[in-house]
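Everything below concerns the one structure shown next.
Quick note: numbers below take in every heavy atom, side chains included, and nothing from hydrogens, waters or symmetry partners.
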Amino acid sequence: MEYRKNIYEVNDGIASITMNWPKNLNAIDMDMVNELLSLLDSCESDPAVKVVVIKSAAKSFSAGGDIGYFYNNIHAGGEINMDDLIENAGKVSLKMKKMSKMVITSVNGAAAGAGANLALSGDFVVAADNVKFIQAFINLGLVPDTGGTYLLSKSVGFARAMELCATGRPMGAEEAKELGLVYQVCPKEELDEQTMKLAKKLAAGPLVAYKSLKQQFFEANFRDYERYLTEGEAPTQRVCISSEDFKEGVCAFMEKRKPEFKGN
C-alpha cells in the first residue's frame with residue numbers, strides 16, 4: 001500500500017516507522033492505524049528486519065484522536081461511529097506485543113490518548129525529557145482505548161492506573177520511568193541517538209532468544225489481551241461515544257472552555 005502518513009526505512013536490520021502527519025500531530029485516525037498495521041506486518045515478514053523503531057517527525061509523538069473531526073461531525077449532526085478505529089487501534093497495540101521482533105517506541109513531546117497507549121505498547125520506551133503522557137480520554141467523556149487500561153494495570157497496578165485514567169493528568173517522562181513504564185529518559189536533542197544506540201544493541205543480539213522471550217512474556221502477561229480489547233474496551237468506548245457527555249467534552253475542548261458534564 002502507499003504510505004501517506006508514515007515514512008518507512010530499513011537500515012542495518014533496523015526498521016524505522018516514522019509517523020509524519022504534523023498537521024494534526026499524528027492523530028490516530030483510520031489512515032494512520034491502517035498504515036501502522038501494514039508496516040508492522042511488513043516488519044514481521046521481512047527477514048532483514050531485526051528490530052522495529054516507531055517514532056515521530058512531528059513536534060509531538062501523537063496527540064491521540066482527531067478531535068477536530070469529531071467536532072465537525074457533531075455540528076453537522078452526523079453520527080460518530082468509531083468501532084473500526086477502536087478495533088484497529090487495538091490491533092496495532094496487540095501486534096506490537098505479539099510480534100516476534102523487539103519494538104522500541106521513541107517518544108517526544110506530547111503522547112496523548114491513543115498516542116500515549118501506542119507509545120506504551122513498545123517493548124522498550126525511550127522518552128525525551130519533554131514528554132508528557134496523558135490519558136486524555138476522560139476530559140472528552142471517554143475511556144481509554146488502544147489498550148490503555150490493560151497496559152497500565154499490568155505495568156503500574158490498579159490504583160495508579162485508575163488515578164491516571166480517571167484524572168487525565170499529564171505524566172512526565174521521569175515519573176513514567178520511576179513507575180517502570182519507560183526504559184530510558186534523555187535530553188530531547190539526544191532522542192534519536194539514544195534510540196538508535198539501543199536499536200543497534202538489540203539488532204546485534206540473539207534474535208531467536210529475543211523471539212522466544214517475547215513469546216514468554218506474551219503468554220505470561222498478555223494472553224487475554226485480545227479478549228479484553230474486544231469484550232472490555234470496544235463495548236465500553238462505544239457507550240461513551242454515544243453519550244451527550246462525549247459531545248460536550250469535544251465541544252468544550254475545541255471551544256477552549258471547561259466542559260459541563262451532565263452524566264448522560
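- Of the possible donor and acceptor atoms, none in the side chain of Gln237 sits under 3.5 Å from a partner among the backbone N and O of Leu142.
- In this structure a side-chain-to-backbone donor-acceptor pair under 3.5 Å is present from Ser242 to Val239.
- Of all heavy-atom pairs between Ala161 and Val156, the closest is N-CG2, 3.7 Å.
- Summarising the geometry of Ile86 relative to Glu233, their closest heavy-atom pair is CG2-OE2, 4.1 Å, with the distance given to 0.1 Å.
- Using a cutoff of 4.0 Å between basic side-chain nitrogens and carboxylate oxygens, Glu244 and Lys247 are scored as salt-bridged.
- Nearest heavy atom pair, residue Leu140 against residue Gly249, reads CD2-O, 3.5 Å.
- Under the 3.5 Å distance criterion, the side-chain polar atoms of Ser60 are left unmatched by any main-chain donor or acceptor of Ser62.
- Of the possible polar contacts, none joining the Lys262 side chain to the Asp245 backbone as a donor-acceptor pair under 3.5 Å is found.
- Within a 6.0 Å sphere centred on NZ of Lys50, heavy atoms belonging to other residues, nucleotides or ligands number 12 at most.
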Candidate pair Lys177 and Glu174, rule salt bridge (Lys or Arg N to Asp or Glu O under 4.0 Å), full reasoning:
CA-CA 5 Å; Lys177 186 174 186 297; Glu174 288 294 347; 6.0 Å; no
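- For CD of Glu255, the number of neighbouring non-hydrogen atoms (other residues, nucleotides, ligands) closer than 6.0 Å is greater than 12.
- Leu151 and Val52 are members of different hydrophobic clusters when ILVMFWY side chains are connected at heavy-atom separations under 4.5 Å.
- No side-chain donor-acceptor contact under 3.5 Å links Asn20 to the backbone of Asn6.
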Before giving the answer on salt bridge (Lys or Arg N to Asp or Glu O under 4.0 Å), spell out for Lys97 and Glu226 the whole-Å C-alpha distance, their side-chain angles and the decisive distance to 0.1 Å.
CA-CA 11 Å; Lys97 288 299 186 188; Glu226 187 170 8; over 6 Å; no
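- The two residues Pro144 and Asn117 make their nearest non-hydrogen contact at CB-ND2, 4.4 Å.
- For Ser16 (side chain) and Glu9 (main-chain N/O), no donor-acceptor pair under 3.5 Å exists by modelled atom type.
- Judged by distance alone, the side chain of Glu248 and the main-chain N or O of Phe261 form no donor-acceptor pair under 3.5 Å.
- The minimum heavy-atom distance linking Leu229 with Gly90 is given by the pair CD1-O, 3.5 Å.
- Other residues, nucleotides and ligands place more than 12 heavy atoms under 6.0 Å from the CG atom of Asn81.
- Heavy atoms from other residues, nucleotides or ligands lying under 6.0 Å from CZ of Phe253 number 12 at most.
- Contact of the Thr149 side chain with the Tyr228 side chain is registered, since non-hydrogen atoms from C-beta on lie closer than 4.5 Å.
- The distance from the CG atom of Asn88 to the CE atom of Met30 is 4.5 Å, given to the nearest 0.5 Å.
- Counting non-hydrogen atoms of other residues, nucleotides and ligands closer than 6.0 Å to CD of Glu163 gives a total above 12.
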Taking it one step at a time, do Ser121 and Val103 satisfy side chain to side chain contact (heavy atoms under 4.5 Å, CB included)?
CA-CA 8 Å; Ser121 297; Val103 180; over 6 Å; no
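- Of all heavy-atom pairs between Ile138 and Cys165, the closest is CB-O, 3.5 Å.
- Side-chain contact between Ile80 and Phe246 is present, with heavy atoms from C-beta onward closer than 4.5 Å.
- Here Ile14 contributes atom CD1 and Lys200 contributes atom NZ; the two are 6.5 Å apart, rounded to the nearest 0.5 Å.
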Please test Met96 against Leu118 for side chain to side chain contact (heavy atoms under 4.5 Å, CB included), starting from the C-alpha separation and ending with a verdict.
CA-CA 9 Å; Met96 290 166 67; Leu118 173 66; 3.6 Å; yes
Evaluate the side chain to side chain contact (heavy atoms under 4.5 Å, CB included) criterion for residues Leu39 and Tyr3: first the C-alpha distance (whole Å), next the side-chain angles of each, then the deciding distance (0.1 Å), finally the verdict.
CA-CA 9 Å; Leu39 287 166; Tyr3 300 114; 3.5 Å; yes
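- Grouping the Ile, Leu, Val, Met, Phe, Trp and Tyr side chains by contacts below 4.5 angstrom, directly or via other members, places Phe137 with Phe61.
- Side-chain atoms of Asn108 do not come within 3.5 Å of backbone N or O of Asn130 as any donor-acceptor pair.
- In summary, the side chains of Tyr8 and Glu35 do not present any donor paired with an acceptor at a separation below 3.5 Å, with no hydrogens or angles considered.
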List the atom pairs, donor and acceptor, that lie under 3.5 Å between side-chain atoms in residues 188-198 and the rest of the protein, sequence neighbours left out.
from, atom 1, to, atom 2, distance (Å)
Gln194, OE1, Gln184, NE2, 3.0
Thr195, OG1, Ser106, OG, 2.8
Thr195, OG1, Leu191, O, 2.8

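- In terms of modelled atom types and a separation under 3.5 Å, the side chain of Ser243 and the main chain of Cys240 share a donor-acceptor contact.
- Put simply, Val92 and Val51 are part of two different groups of oily side chains (I, L, V, M, F, W, Y) that touch within less than 4.5 Å, one to the next.
- Note on Leu85 and Val143: separate hydrophobic clusters, where clusters join Ile, Leu, Val, Met, Phe, Trp and Tyr whose side-chain heavy atoms are under 4.5 Å apart, directly or indirectly.
- Two residues are said to be in side-chain contact when any heavy atoms from C-beta on lie closer than 4.5 Å; Phe133 and Val125 meet this criterion.
- Centroid-to-centroid, the aromatic rings of Tyr225 and Phe218 stay 6.0 Å apart or farther.
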Given side chain to side chain contact (heavy atoms under 4.5 Å, CB included), test Lys214 with Met99 step by step and report yes or no.
CA-CA 8 Å; Lys214 284 202 65 170; Met99 69 187 301; 3.8 Å; yes
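- For Lys154, the NZ atom sits in a packed shell: over 12 heavy atoms of surrounding residues, nucleotides or ligands are nearer than 6.0 Å.
- Within 6.0 Å of CZ in Arg257 there are more than 12 heavy atoms belonging to other residues, nucleotides or ligands.
- A distance of 10.5 Å separates CD1 in Ile67 from CG in Asn24, rounded to the nearest 0.5 Å.
- At most 12 heavy atoms of other shown residues, nucleotides or ligands fall within 6.0 angstrom of atom CE in Met162.
- Both Met102 and Tyr183 are assigned to one and the same hydrophobic cluster, defined by single-linkage of ILVMFWY side chains at heavy-atom distances under 4.5 Å.
- The CG atom of Asp66 sits 10.0 Å away from the CG atom of Leu25 when rounded to the nearest 0.5 Å.
- Each of Leu207, Ile104, Asp123, Val53 was evaluated against Leu202; a single residue qualifies, Ile104, per the side-chain contact (heavy atoms from CB on, under 4.5 Å) test.
- Within the model, atoms CE of Met171 and CD of Glu178 stand 11.0 Å from one another, a figure rounded to the nearest 0.5 Å.
- With rounding to the nearest 0.5 Å, the separation of CG in Asp224 from OH in Tyr150 is 3.5 Å.
- Panel note: side chain Ser38, backbone Asn34; no donor-acceptor pair is recorded below 3.5 Å.
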